[in-house]
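Only one structure is covered here, and it is reproduced in the block below.
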Protein chains: 2
Amino acid sequence: MGTYEWQSDVWDAMGDPTRRAIMERLAEHPSPVGELAEQLPVSRPAVSQHLKVLKETGLVSDETVGTRRVYRLNPVGVQALRDQLDMFWNRALANYESVVEEKAEEKEEK
Amino acid sequence: MGTYEWQSDVWDAMGDPTRRAIMERLAEHPSPVGELAEQLPVSRPAVSQHLKVLKETGLVSDETVGTRRVYRLNPVGVQALRDQLDMFWNRALANYESVVEEKAEEKEEK
DNA sequence: CGGCACCGTAAGTGCTAGCTTACTGTTCGT
DNA sequence: ACGAACAGTAAGCTAGCACTTACGGTGCCG
């Protein structure tokens, strides 16, 4: 807690399967809303609402070109997820190693 | 199948705020269910249900010691998240660089 | 053995959020 | 300028899920 702002919104955003599907499409290449909706089993407004969430969390950015809006992945948001995930990763390893040490101690005591 | 049937379930698991709180606690150190419930604003059965989900997705592992069950982070599950996230990360960078290239081309055309 | 501590499961409930349809707002082409 | 294409917003409905209480099961200790 404290000064370290916990961006839980980013995890919430990735928690929805449709939004993850959108992220996968955008990982291929930047796309306008209509093109995304065609490749997904939901309506265009639904996609639009999901993109709003993804944009608010900083996972995607948009650019208006002509009458359409092209969305693309935002490296900043993705990096934020990586940072938090690395914390879990490091500590998961620490936990695992402590288990190994305990097992080793058990053997030594024999 | 079997070992690798998750993938998307892992994100769903991390989508819930309470489960993320549990993951934070387990990142500190392994804990039994009751201890986790004391530090959270939900009942013990609720924690138990969440732990079930986290275990099914491979994010945590449990060990029965006496009458209690000690849960800890599972490096394998956390690693699964990291792998998928890295895919987004690499492609997000590719998208960004393509934008930079386009901007550069625009300047050259002038 | 009997009571206790710890935990998982069952059953039921309330609320969130994702979806749809309908509407409004821009921008481009003719 | 008018219609078409593209997209965001509003309102409403529904399904899923996170939570609760109640219960059943297992290992520990006096």
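Chain A is the first sequence line, chain B the second, and so forth, proteins listed ahead of strands; every chain is numbered from 1.
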Whole-Å distance separating the [atom1] atom of [X] from the [atom2] atom of [N]:
X       : N      : atom1 : atom2 : result
B/Lys52 : D/dA18 : NZ    : P     : 13 Å
B/Asp12 : D/dC17 : CG    : P     : 8 Å
A/Leu54 : D/dG8  : CG    : C1'   : 15 Å
A/Leu40 : C/dC19 : CG    : C1'   : 13 Å
B/Glu56 : D/dC17 : CD    : P     : 12 Å
B/Met14 : D/dA18 : CE    : P     : 14 Å
B/Gln49 : C/dG12 : CD    : P     : 15 Å
B/Lys55 : C/dG8  : NZ    : C1'   : 11 Å

Listed partners of A/Lys55 passing salt bridge (charged side-chain N to carboxylate O under 4.0 Å, His left out), at least two apart: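 Salt bridge (charged side-chain N to carboxylate O under 4.0 Å, His left out) check on A/Lys55 returns A/Asp62.
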Which residues share a salt bridge (charged side-chain N to carboxylate O under 4.0 Å, His left out) with B/Arg68, sequence neighbours left out: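 By the salt bridge (charged side-chain N to carboxylate O under 4.0 Å, His left out) rule, B/Arg68 matches no residue at all.
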Parallel, tilted or perpendicular: ring planes of B/Trp11 versus A/Trp11, cut at 30 and 60 degrees: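 B/Trp11 vs A/Trp11 ring planes: tilted.
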Pairs touching residues 30-42 of chain B that satisfy side-chain hydrogen bond (donor to acceptor under 3.5 Å, both in side chains), sequence neighbours left out: B/Arg25-B/Gln39, B/His29-B/Ser31
Sequence neighbours excluded - side-chain hydrogen bond (donor to acceptor under 3.5 Å, both in side chains) pairs with any residue from residues 42-52 of chain B: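 Of all non-adjacent pairs touching residues 42-52 of chain B, those that pass side-chain hydrogen bond (donor to acceptor under 3.5 Å, both in side chains) are B/Arg19-B/His50.
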Produce the list of close N/O pairs, under 3.5 Å, pairing protein atoms with atoms of nucleotides 4-7 of chain C; give distances to one decimal.
unit_1 : atom_1 : unit_2  : atom_2 : d
C/dC7  : OP1    : B/Val33 : N      : 3.1
C/dC7  : OP2    : B/Gly34 : N      : 2.8

D/dC19 phosphate, OP1 or OP2, under 4.0 Å from B/Thr18 side-chain N/O: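 It does, given that an N or O in the side chain of B/Thr18 lies less than 4.0 Å from OP1 or OP2 of D/dC19.
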Salt bridge flag under 4.0 Å for residues A/Arg72 and A/Glu63: yes
Side chain to side chain donor-acceptor pair (under 3.5 Å) against A/Glu24, all qualifying residues, sequence neighbours excluded: none
Given C/dA10, D/dA18, C/dG18, the nucleotide with the shortest approach to the side chain of B/Asp16: D/dA18
Nearest-nucleotide pick for B/His50, side chain only, options being D/dT20, C/dT20, D/dC19: D/dC19
Sugar-phosphate only, base, or nothing, as touched by B/Thr64 at under 4.0 Å among non-hydrogen atoms: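 Nothing: the residue B/Thr64, judged by heavy atoms under 4.0 Å, touches no strand.
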B/Ala46 or A/Val47, whichever maps to the more 5' nucleotide of DNA chain D: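 Result: A/Val47.
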